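The next block holds one structure in the form of structure tokens; read it before the comments.
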Amino acid sequence: MEKLIEALKRVNPNIDYANEKALVSGKVIDSIDMTSILAEIEDTFDIEIDMEYISPEYFDSVEAMWDMIQELSEE
């Protein structure tokens, strides 16, 4: 999960990703951040995030993103 936090900090180093639990629903990240986060995760973990995963539930916290990455890595 540390690799994920490092990737997220490349997008926006001012966010406390490790402790924030409402990144999307709390409007901590905006649509531009979201687009960058998608690209960064895909590049860092060599996965493709399908449209079905592009919803707040998968991006509201580092834990949610990590679970999604693990799920997509198994496919």
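What you are looking at is a predicted structure, and each value in this text was computed from that prediction instead of being measured.
Contact annotation: the side chain of I69 never approaches that of Y58 to less than 4.5 Å [non-hydrogen atoms, C-beta and beyond]. Residues I29 and I37 are in side-chain contact: their nearest non-hydrogen atoms beyond the backbone lie under 4.5 Å apart.
Nearest heavy atom pair, residue I15 against residue K9, reads O-NZ, 3.4 Å.
Distance check, rounded to the nearest 0.5 Å: CG of L72 to CE of M65 gives 13.5 Å. Annotation: the span from Y17 atom OH to L8 atom CG amounts to 5.5 Å, rounded to 0.5 Å. Expressed to the nearest 0.5 Å, how far CG of D60 lies from CG of L23 amounts to 6.0 Å. Atom CD1 of I54 and atom CE of M68 lie 8.5 Å apart (nearest 0.5 Å). The line from CD1 of I47 to CD of E42 is 7.0 Å long, rounded to the nearest 0.5 Å. Note that CE of M34 and CZ of F59 are 4.0 Å apart. Values are rounded to the nearest 0.5 Å.
The list of salt bridge (charged side-chain N to carboxylate O under 4.0 Å, His left out) pairs with a residue in residues 16-39, not counting sequence neighbours, reads K21-E63. Among pairs with a residue in residues 65-74, those fulfilling side chain to side chain donor-acceptor pair (under 3.5 Å) read Y53-E71, at least two apart in sequence or across chains.
In terms of the side chain to side chain donor-acceptor pair (under 3.5 Å) criterion, D46 has no residue partners (sequence neighbours excluded).
Because its NZ or CZ atom is both nearer than 6.0 Å to the ring centre of F45 and within 45° of the ring axis, K3 counts as a cation-pi partner of that residue.
Side-chain contact check for T44 and R10: at least one donor-acceptor pair (N or O, by modelled atom type) lies under 3.5 Å.
For the pair N12 (side chain) and N14 (backbone), a donor-acceptor distance under 3.5 Å is present.
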